[in-house]
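See below for the structure under consideration.
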Amino acid sequence: MSSNKRLFFRRLAYTLAVIAVYQLGQHVYLPMVNITAAQRALSGVPFFRLIAMTTGGQMGVPMLLSLGMRPYMTAMILVQAVQTVAADSYGQLSFKQQGYIARGITLALAVVQVVEMLVVMRQAFIPIWLPGTRIDLAVPIAFVLLLAGGMFTTWLADENTQHGIGGTVVLILPSLIASMPLLLQNGLGVSFPLTLVHLWWTAGISAAFFLIMAYLNQAELRIPLQRTLTDITYAPSYMPIRLLPAGAMPFMFSAAFFAFPAFFTATTGARAGWQKVLVTWTSFNTWQGITTYAVIVIGLGYAFGMMNLQPVQEAKGMRKAGDYILNVHPGDETEAFLMHQFWVMSFYGNTVLLLIGVLPLVIGLWIPGAANFSQFLGMIYILISIVDMINQQAGALWNKDRYDLFA
């Protein structure tokens, strides 16, 4: 067996082992907790359920690794945002300093997210008294365990990036796939009957959607470049701008962003006037709520697209490298050109995102259960983007060094 094949199988085995450890940790219950009471409290917060589906967590169950990838993924988004806004200052930091910043942000977010869980299931703890005192250690112990679990997950993700296949997001695949049937059946609180007819319709829609999105996920605008070489000749190349600049990232966080305001009324109910207005504008079953969700999808589409493309930094990098776009002056004119192309592609990309995420909600106002396809199709797109990334990495490993110098 060639060395590249051995490397591929070694990395694949490492990834499978990481996933096994991660899944095992998500089946270890926290001690000193009344599991039934905790599940009842946590399941009453839709925000937890929706964010857990796309970050590989178990926010509805008090497990050792309940936080999943949520602290890590949120931290990476914040770091990428900082890189986009303050690229010059951030770029002057060493890799070690950047790593410390990323870990610090991850830890801070994990603390906040652990506190969220503990507050919601505060009535479910079984007291553990410090001997000879009336000091209850149940909550502090749960805090430490959940925080350690969140940081352990971060370590696993980094280890898989270095030694496995699929990077960090491969850890969310099992929970993502497992949650899809439940999401379709009762994802937004409206039942979608899984009769034989409904299943056939779902299979047909899913297959067609998969084929279309697999194609669109690869679609890109190729801007011709001129790259100056050391021998003063010119080699034509291109800069790709994807049709979907934001990828599937908006669907990883749009539902959670949408459901987060209702977090403040989940335990007390909508009693005050402002709370009732909040519920109306954050419901998947009202025109007001659908409008709010559409705005969130568009906003996240532009934000993640900007972070992925970074037109300003691309223009600066091209100028330093001596590359240029034909008939476009380097510097400010190149930056303006790339920004224009970004806005155009983002418009088309956000239109696709709205068709996926918002159109089913509108149809759901008349056809009960159809709204569940909003999140279900979004999950399929997330799955497509993750599998595509894994396939590219696996292909690169499999074909590494497969060339004949004298062919």
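Just so you know, these numbers come straight off a predicted model, no measurement behind them.
- Among all heavy-atom pairs drawn from Met379 and Leu176, the shortest one is SD-CD1, 2.9 Å.
- Judged by distance alone, the side chain of Thr55 and the main-chain N or O of Ile172 form no donor-acceptor pair under 3.5 Å.
- The nearest pair of heavy atoms linking Leu64 to Leu145 is CD1-O, 3.7 Å.
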Self-check item: Test side chain to side chain contact (heavy atoms under 4.5 Å, CB included) applied to Lys316 and Gln313, step by step
Solution: CA-CA 5 Å; Lys316 290 181 179 179; Gln313 298 308 314; 4.1 Å; yes
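- Phe210 CZ: 12 or fewer foreign heavy atoms inside a 6.0 Å radius.
- Looking at Asp136, its side chain does come within 3.5 Å of a backbone N or O of Ile128 through a donor-acceptor pair.
- Aromatic ring pairs are classed by plane angle as parallel below 30°, tilted from 30° to 60° and perpendicular above 60°; the pair Tyr302 and Trp343 is tilted.
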Exercise. Could you go through the side chain to side chain contact (heavy atoms under 4.5 Å, CB included) check for Leu42 and Met59 one step at a time?
Key: CA-CA 7 Å; Leu42 293 171; Met59 300 291 289; over 6 Å; no
Exercise. Kindly indicate, with the supporting measurements, whether the criterion side chain to side chain donor-acceptor pair (under 3.5 Å) is fulfilled by Tyr293 and Ser254.
Key: CA-CA 7 Å; Tyr293 184 67; Ser254 58; 3.0 Å; yes
Exercise. Give the C-alpha distance, both sets of side-chain angles, the deciding distance and a yes or no for side chain to side chain contact (heavy atoms under 4.5 Å, CB included) between Leu30 and Met117.
Key: CA-CA 12 Å; Leu30 288 177; Met117 283 194 67; 6.0 Å; no
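- The neighbour count for His27 NE2, taken as heavy atoms of other residues, nucleotides or ligands under 6.0 Å away, does not exceed 12.
- Taking every heavy atom of both residues into account, Leu147 and Leu107 meet most closely at CD1-CD1, 3.9 Å.
- The main-chain N or O of Val328 is never found under 3.5 Å from a side-chain atom of Glu333 such that the two would form a donor-acceptor pair.
- No donor-acceptor pair closer than 3.5 Å links the side chain of Gln218 to the backbone N or O of Tyr215.
- Taking all atoms of both residues into account, the shortest heavy-atom contact from Ile298 to Asn350 is O-ND2, 3.7 Å.
- Scanning all heavy atoms of the two residues, the minimum distance from Tyr22 to Gly68 falls at OH-CA, 3.1 Å.
- Checked by atom type and distance alone, the side chain of Asn160 pairs as donor or acceptor with a backbone atom of Ile165 at under 3.5 Å.
- Note that CE of Met318 and CD of Glu335 are 11.5 Å apart. Values are rounded to the nearest 0.5 Å.
- Annotation for His329: atom NE2 does not count as buried by contact number, only 12 or fewer foreign heavy atoms lying within 6.0 Å.
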Exercise. Assess whether side chain to side chain contact (heavy atoms under 4.5 Å, CB included) is satisfied between Phe143 and Leu118, documenting all intermediate values.
Key: CA-CA 7 Å; Phe143 175 85; Leu118 297 181; 3.7 Å; yes
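- Nearest heavy atom pair, residue Met63 against residue Gly25, reads CB-O, 4.4 Å.
- At most 12 non-hydrogen atoms from other residues, nucleotides or ligands lie less than 6.0 angstrom from OH of Tyr348.
- Judged purely by atom type and a 3.5 angstrom limit, Ser283 has no side-chain atom pairing as donor or acceptor with the backbone of Thr280.
- Under a 3.5 Å cut-off, the side chain of Arg242 and the backbone N or O of Leu216 do not form any donor-acceptor pair.
- Side chain of Ser374 to backbone of Val358: no donor-acceptor contact under 3.5 angstrom is found.
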